[in-house]
Amino acid sequence: MNHFEAEIAKYERRIRKLEEHPASGRLRCNRLLYEALIEDCKENLRAWKAGEPFAVTTSWEEVFAAMGFHVLSAPFLADRVDKESARYLQVARNAGFPTELCDRFGVSLGMFLTGDLPRPAICTGANHSCDMEMSQALAIGYYSKCPVFNIDRYIEPDYEPVDYLMGEASRLIEFTEKNVPGVKFDEERMREIWETEMVIQGYLSETHEFYKARPCPVRGNEVFRLPYPFTRFLTPKAVEYFRALRDEVGELVKKGVGGIPEEKMRVMWLVSSFFHFDVFTILEKYGVSVPIFMIEAIPQFYQCRFGWRYWDESDSPLKRMVKRAMLNCWAGPAERWVQDVEVHCKEFGIDALIYFMNGGCPANLNSAKILADRVKSDLGLPTLLLEGRMLDEGTFDSASATREIENFITMCLNR
Amino acid sequence: MVKAGGGKAEEILKRLATRISEEHRVEAALEAKRRGKKIVGVVSSCVPEEVIWAAGMFPWRIAGAWGGDVSRANIYRPVKTDLYCTHVLQSLLDGRLDFLDGVVFTYWTDDIRRLWDIWVHLKKPSFAYMLYVPHKDSELARSEFRGGIARLITAVEEFGNVEISREDLQEAIGVYNRWRGLLKRLYELRKREIPALWGWETLGVTTASFVTPREELNRELEGLVESLNDRRISEVAVWPRLMVCGEDMDDPAHLKLIEDMGAVVAMDDLDTGSRYFWETTEANGDPIYALSKRYLASSSSPRNYEWGKYVDRVIEWARDFKIDGVLNLPGMYNYWRQTITPYLMDRLTESGIPAMTFLTEYRVASVGQFRTKVQGFIETLGARRKR
């Protein structure tokens, strides 16, 4: 079973589960999400069979979609792998890659090496958040024998030129058109993509406004769900899902319903988590809600700080994309990350933070203590630094993770 | 060993080869400070040191603490992160870098970037500058990086309350090119069937450049290079001739361990060795653009987007220096080198160059195991030679 077939089977299982247990506490609209994902996987299977071109990218999905590619967002694909992650990691390690590398790198590379994903026609990475995304593109490109173009984002602490990144984006298009026969950048298509994305981001922005409510209307595992890159959700079904999500969450807020029975404390969850272990149920036992999941690209996903316009009306769709890419704060100094986190702590009425120190990711590992120190001195908030691996279950100890979380929450509640 | 050039050359070599040691590395800086010079720490081989020199300051490239205790650094940096950065932070937190007036970093890796963040967070020293270095060498990148160097110049001028003129920069470029030229001549002596220097001695000289004022170093190198002409490391050719690839390796003892096993490190692909000085800067025209061009050309490394270009050069060096085998020594948790390793190994194998990869620590450690692995590689090369 290749990756798309496995995904279809997984989402069909989830739909069945929703039907069998309608009162499970999960949002009703999740059904639409699973259906949209199934549609997308089926489309990818069809394109693979038909020999249509695929592009691997970490952050330029829209540009490739506007050139007629089917887009494979390598890190996001890795996030969604369940039990197969151990096998993929081992395949990457057998190829000579170290065990300490970020799981997203190892798993996504393993997916390509095993042939569970189609061979791409082009690979692209960028330094929008971390070094690994660039070396991931280079490694996948090497093993897939396809051309690679990495985008360079020029970042100084107080200076970041839009024109440079625009130049890089233009060169990416030029390079792709030259190296992949038959593809052409379609600006009109790019505009359509942008407009659909803005509709979706509008829904997401409103949804996140609802998450600020007390009590938080949904469970932590609903908040933790990262929207897959929007190009995968440009179908009418996907737009319908985001609208339904906003409506359903809004309805819960109107009724004063909380995602957990009695909200005693609100935690911001940061960076990532164990994808094979439900931390949110532990938190719920103590009356802890998680109204926001904070990662480096939160503003670009949710158009936060809400309603904030970072582009000009006169900007081309490509320039808007470029400006959005520059919102990713992990590429810059830790101060940007600290500021984004502090703003959101205030807006969401956060009482404590849990920072998942994701193994193999120096960008987040080495800013954890800085962030913990700053939110303590600036806002008086405690932070738990929780070390772990997102996907590598082989290194996981559930007893220790549970104890660490429980001890921290007990300490916070006793204050 | 055949000594030549009299005792003076041996004396210079001995002095230079130990200058990076923890005992001696701060001596010249403290002396310069006593004379009123500002000392500016430099992290990474891509900081255009010429700018700092042109401001009348002493660019002092930072090596980390070589001891095993990094407990203070681990408060900020988890265990499984780049060890060079951890050892530098330990030095900072131990107070061993308190004499620095300022520091200039490049945005070289996520680890170095975050080391800068910690430096800023700890507020010591107050002048902590971050220079972005593009990941590719293109006209667009050169032009943007030129702007970056110009901003660095302004920052250094403000920090030192000095003015850096075009002539100052040109003079600095001249001094640095002289130094690069001398080191190039030194490396030429390694191409000989019986090299004039051991690999550990050469790394001692390149790392002496971290902590020695350039004018003084140039004087010493001039005397040394001339007198090494007749020097040979042994009476007969040493086999095998190895090339070592890696990052942040600033303790020559790493190479001495390899050479004590009977090999000679006849060339290196180290950012503390060849990659620190290889390219020269164009002396004519706009000096800031010339620096931009030079430092982007020198950034060819695993961190660069063009893996192929970097490995092409490694292969070219292996051929030029008649290398029998390549030892690729990624530092633990140095992810750029670790992720390029499968590609590098494939390319070297395709080119008929035997190669081996061992993970290493930043400081000299696990010596017995390291020796065993090197010995195994040397014997494998021997078996191949007999076939």
Side-chain angles (χ1 to χ4, degrees), chain A residues 92 95-98 100-102 105 109 125-127 129-132 134-139 141-143 148-161 163-164 167-168 171 330-335 337-338 357 359-370 373-374 385 387, chain B residues 75-82 85-86 89 107-118 120-122 128-136 138-141 143-145 147-148 151-152 302-308 330 332-336 338-346 357 359:
Chain A
F97 293 91
E100 291 83 11
L101 279 183
C102 164
F105 183 114
L109 182 62
N127 58 327
S129 56
C130 62
D131 291 346
M132 282 300 99
M134 299 174 278
S135 46
Q136 179 185 42
L138 288 159
Y142 170 56
Y143 287 107
V148 179
F149 188 98
N150 268 338
I151 290 232
D152 188 48
R153 175 180 163 196
Y154 195 100
I155 316 165
E156 288 175 15
D158 302 311
Y159 172 80
E160 198 180 337
D163 289 351
Y164 182 77
E168 282 286 284
R171 276 161 185 76
W330 273 4
E335 183 60 25
W337 174 222
V338 169
M357 296 176 75
C361 175
N364 95 72
L365 287 171
N366 295 310
S367 55
K369 174 76 167 90
I370 297 173
D373 284 357
R374 285 290 300 280
L385 302 181
E387 288 190 61
Chain B
I75 294 169
Y76 292 90
R77 296 180 51 80
V79 175
K80 290 185 176 181
T81 52
D82 181 79
C85 294
T86 300
L89 184 59
Y107 187 142
W108 191 249
T109 62
D110 285 338
D111 269 288
I112 290 183
R113 175 162 60 97
R114 290 295 184 232
L115 179 63
W116 175 83
D117 280 314
I118 295 168
V120 171
H121 182 62
L122 296 171
Y129 196 87
M130 166 66 79
L131 174 72
Y132 183 79
V133 180
H135 290 76
K136 54 175 79 169
S138 65
E139 204 39 58
L140 181 69
S143 157
E144 196 60 56
F145 190 45
R151 279 185 294 281
L152 170 67
R303 182 252 192 199
N304 196 284
Y305 285 164
E306 292 163 280
W307 276 1
M332 278 179 191
Y333 319 115
N334 182 311
Y335 294 124
W336 274 114
Q338 289 192 8
T339 51
I340 201 176
T341 286
Y343 172 74
L344 172 67
M345 297 298 281
D346 285 355
T357 294
L359 282 182

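Every heavy atom of this structure was used, including side-chain atoms; hydrogens, water molecules and symmetry mates were not.
- Of the two parts of B:Phe145, the backbone and the side chain both hold a non-hydrogen atom closer than 4.5 Å to a non-hydrogen atom of chain A.
- With sequence neighbours left out, the side-chain contact (heavy atoms from CB on, under 4.5 Å) criterion links A:Asp373 to A:Lys369, B:Tyr76, B:His121.
- Taking chain A as the reference chain and counting heavy-atom pairs below 4.5 Å, the highest number among B:Ile340, B:Thr339, B:Leu359 is found for B:Thr339.
- If you measure heavy-atom distances from A:Ala368 to chain B, you find no contacts under 4.5 Å at all.
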Could you walk me through whether B:Arg151 and A:Tyr159 pass the side-chain contact (heavy atoms from CB on, under 4.5 Å) check? CA-CA 10 Å; B:Arg151 279 185 294 281; A:Tyr159 172 80; 2.9 Å; yes
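- Checked by atom type and distance alone, the side chain of B:Tyr132 pairs as donor or acceptor with a backbone atom of A:Arg153 at under 3.5 Å.
- Separating the CH2 atom in B:Trp336 from the OG atom in A:Ser135 is a distance of 5.0 Å, to the nearest 0.5 Å.
- Of the listed residues B:Asp111, B:Leu140, B:Ile75, B:Asp82, the one with more heavy-atom pairs under 4.5 angstrom with chain A than any other is B:Leu140.
- Nearest heavy atom pair, residue B:Met130 against residue A:Glu156, reads O-CG, 4.3 Å.
- Of the atoms belonging to A:Ala334, heavy atoms from both backbone and side chain fall under 4.5 Å from chain B.
- With a threshold of 4.5 angstrom between heavy atoms, A:Asp158 does not approach chain B through any atom at all.
- At least one donor-acceptor pair closer than 3.5 Å links the side chain of A:Asp131 to the backbone N or O of B:Asp110.
- The line from CG of A:Leu138 to OH of B:Tyr343 is 9.5 Å long, rounded to the nearest 0.5 Å.
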Please test B:Arg303 against A:Met134 for side-chain contact (heavy atoms from CB on, under 4.5 Å), starting from the C-alpha separation and ending with a verdict. CA-CA 9 Å; B:Arg303 182 252 192 199; A:Met134 299 174 278; over 6 Å; no
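- The two residues A:Ala331 and B:Arg113 come nearest to each other via the heavy atoms O-NH1, 3.0 Å.
- Between A:Ile151 and B:Tyr305, the closest heavy-atom pair is O-OH, 2.8 Å.
- At distances below 3.5 Å, at least one donor-acceptor pair connects side-chain atoms of B:Arg114 with backbone N or O atoms of A:Ala363.
- Under the 4.5 Å side-chain criterion, counting only non-hydrogen atoms from C-beta, B:His135 is not in contact with A:Tyr154.
- Heavy-atom pairs under 4.5 Å with chain B peak, among A:Gly360, A:Gly125, A:Ala95, at A:Gly360.
- No side-chain heavy atom of B:Tyr333 sits under 4.5 Å from any side-chain heavy atom of A:Leu101.
- Interface check for chain B: of the options A:Pro157, A:Gly167, A:Cys361, the most heavy-atom pairs under 4.5 Å are formed by A:Pro157.
- With contacts defined as side-chain heavy-atom distances shorter than 4.5 Å, the pair A:Glu335/B:Asp117 does not qualify.
- Looking only at heavy-atom pairs under 4.5 Å with chain B, the residue among A:Gly96, A:Cys102, A:Pro333 that has the most is A:Pro333.
- A:Gln136 does not touch chain B: none of its heavy atoms, backbone or side chain, sits under 4.5 Å away.
- Interface remark: B:Thr81 contributes side-chain atoms only to the contact with chain A (heavy atom separation under 4.5 Å).
- Remark: the B:Asp346 side chain and the A:Tyr142 side chain contain an N/O donor-acceptor pair separated by less than 3.5 Å.
- You'll find the side chain of B:Pro78 reaches within 4.5 Å of the side chain of A:Asn366, heavy atoms only.
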